[in-house]
Amino acid sequence: MTTDARFMTTRSTALCRRPVLAYIRTMVHTPDDSALMLRYKDGDVAAFDILYRRHKDAIYRYLLRLCGHRDIAEDIFQEVWGKIVNARKSYRPTAKFTTFLYRVAHNCFIDHVRRNKRHSNNTTLEPEFHSDPGETLESSTERSLARERLLRALATLPDEQRDAFLLHEEGGLSVDEIAITTGCNRETAKSRLRYAVNKLRAAIDEPAEKS
Amino acid sequence: MTTETNNSDTRVSEAYRALATETTPPELDDTILKMAASNVPTRYARVRGWLRPVAWAATIGLSLAFILEISRYQDIPVAPAPVIEKVEVRAISHDAAVTSTDEDIVSRKLNKHADAPAAGKALAPSADSAMPAAMESAVQMPDVATDGAGVLPETEETVRLRASEARPAASPAEKKEQAEHCDAAARATAESWYSCVEGLKEDGLADAARQELDALLNEFPDFREPDPDR
């Protein structure tokens, strides 16, 4: 680090200790989800835009993996965000926003399953593989096969175990939050997650053991 | 957190991360963002929400105020219009132009008092309210008089007489006050009252004497004015 750079770092640190700049620093700091939702509650549409872009892909994949059908997943996805938008006025940050969001998504999926009793686990999804430019054909094929096996194993998991795994992977929820979201106790959520991970690991390791 | 990390195998997570690359379609994003924007009322919409109740409240308030004002004016009896008496200019020169100018000035002053919105003053114009007009006209008189050629300056008595004559039609209270040139002691008996009237005549207050004499005859109808020839 040069002398100028060290001076600038020291100076900026000293400035940021001042109250005004500390306030500015809090403004620059990325707002958390609850703060964004509260801003949206107050009429700030831009806050919702940030919130939506932060969570949209994870929620979409969560629903996509649960349903196995892209169209149905899109319908439920729209329904979920519609409920979030409508809950704007009554929103209170009592829990983590992610827990709130995934609970809404989980409930929407359960409602969809109840509405359509013909729900089947048959997935129509084709995995989107993106091979690395420097990857050899053999390793690329092996990777794609492993991913395909994982996807198939994920589709064959029981709904509750798949739900727990997806909430953990996509939503980043803890076991307690999974228990809250799915409406079961902590031990049940924990065992579901463990069973799901074990089955998926077995599916990934299976051909390697055979070879 | 360590328990959760143990539960979720790292390799499984990495494999799933590599698999999970799906993103939402852009049209779905647009739909949801539009829905979110439409759910939030704009500032104009908020103002518009208040506009109608405020307009109704203002209309009702103004109507009530108007009705109350109208009813207040209806309760007040209309005061009789003041009678403008012709001002006699007791100047040596009876210039017609000067007389008409005096009349105009006096009538303007009286009209100004008659148009005044104060209903209380219209009901019973006191001597204080009437006096300034008369005094103003009296003060203006010499100016007007000096305009005419060959007009002599007026005496103090002339000014006072004109002021009393230029006074608008007095109310009954004022008339009574004006009529009472003789005090209560003089009015006690017909004879003493008549002697007071005589005194007024001697002082040159013919009008006052006449008014007092009329009042005397009203009060004592059986009184007979002594014959001056005797």
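By convention in this document, chain letters (A, B, ...) are assigned in the order of the sequence lines, proteins followed by strands, and residues within each chain are numbered from 1.
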J.: Near A:Tyr91 OH, under 6.0 Å, is it more than 12 heavy atoms from other residues, nucleotides or ligands?
T.: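 More than 12 heavy atoms, drawn from other residues, nucleotides or ligands, come within 6.0 Å of this atom.
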J.: More than 12 heavy atoms of other residues, nucleotides or ligands under 6.0 Å from CZ of A:Arg54: yes or no?
T.: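 Yes, CZ of A:Arg54 has more than 12 neighbouring heavy atoms, counting only those of other groups under 6.0 Å.
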J.: Begin from the C-alpha positions of A:Lys56 and B:Leu28 and carry the test side-chain contact (heavy atoms from CB on, under 4.5 Å) through to its verdict.
T.: CA-CA 10 Å; A:Lys56 69 183 180 83; B:Leu28 196 59; over 6 Å; no
J.: Side chain, backbone, both or neither: which part of B:Thr31 has an atom under 4.5 Å from a heavy atom of chain A?
T.: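 Side chain only.
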J.: Grab the two heavy atoms, one from B:Met35 and one from A:Gln78, that are nearest each other, plus how far apart they are.
T.: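 Answer, listing the atom of B:Met35 first, then A:Gln78: CE-O, 4.3 Å.
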J.: Give a yes or no on this: more than 12 heavy atoms of other residues, nucleotides or ligands lie within 6.0 Å of atom CZ of B:Arg17.
T.: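 Above 12, so yes.
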J.: Using non-hydrogen atoms only, which part of A:Val45 is less than 4.5 Å away from chain B: side chain, backbone, both, or neither?
T.: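 Contact with chain B involves the side chain of A:Val45 alone.
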J.: Any donor-acceptor pair under 3.5 Å linking the side chain of A:Asp57 with the backbone of B:Thr24?
T.: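 Flag set: sc A:Asp57 to bb B:Thr24 pair under 3.5 Å.
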J.: In Å and rounded to the nearest 0.5 Å, what is the CG to CG distance from B:Asn39 to A:Asn86?
T.: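 Between B:Asn39 CG and A:Asn86 CG, I get 5.5 Å after rounding to 0.5 Å.
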J.: Considering only heavy atoms from C-beta outward, does the side chain of B:Ile32 approach that of A:Phe48 to under 4.5 Å?
T.: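 A side-chain contact exists here, since the closest heavy-atom pair is under 4.5 Å.
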J.: Nearest 0.5 Å, what's the CG-CH2 distance between B:Asp29 and A:Trp81?
T.: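 CH2 of A:Trp81 is found 10.0 Å from CG of B:Asp29.
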J.: Any non-hydrogen side-chain atom of B:Val12 less than 4.5 Å from a side-chain atom of A:Glu169?
T.: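 No, every pair of side-chain atoms sits at 4.5 Å or beyond.
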J.: With side chains defined as the heavy atoms from C-beta onward, is the minimum distance between A:Arg61 and B:Leu19 less than 4.5 Å?
T.: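 A side-chain contact under 4.5 Å is absent here.
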J.: With B:Tyr16 as reference, evaluate A:Leu200, A:Ile204, A:Leu166, A:Val197 under the side chain to side chain contact (heavy atoms under 4.5 Å, CB included) test and give the passing residue.
T.: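 Only one option passes, and that is A:Leu166.
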J.: Take A:Arg65 and B:Glu22, measure what side-chain contact (heavy atoms from CB on, under 4.5 Å) needs, and give me the verdict at the end.
T.: CA-CA 10 Å; A:Arg65 299 276 176 254; B:Glu22 297 92 345; 2.8 Å; yes
J.: Tell me whether A:Tyr40 contacts the main-chain N or O of B:Ala36 through its side chain, where contact means a donor paired with an acceptor under 3.5 Å.
T.: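 Answer holds: yes.
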J.: For A:Ile84, is it the side chain, the backbone, both or neither that has a heavy atom under 4.5 Å from a heavy atom of chain B?
T.: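 Neither part.
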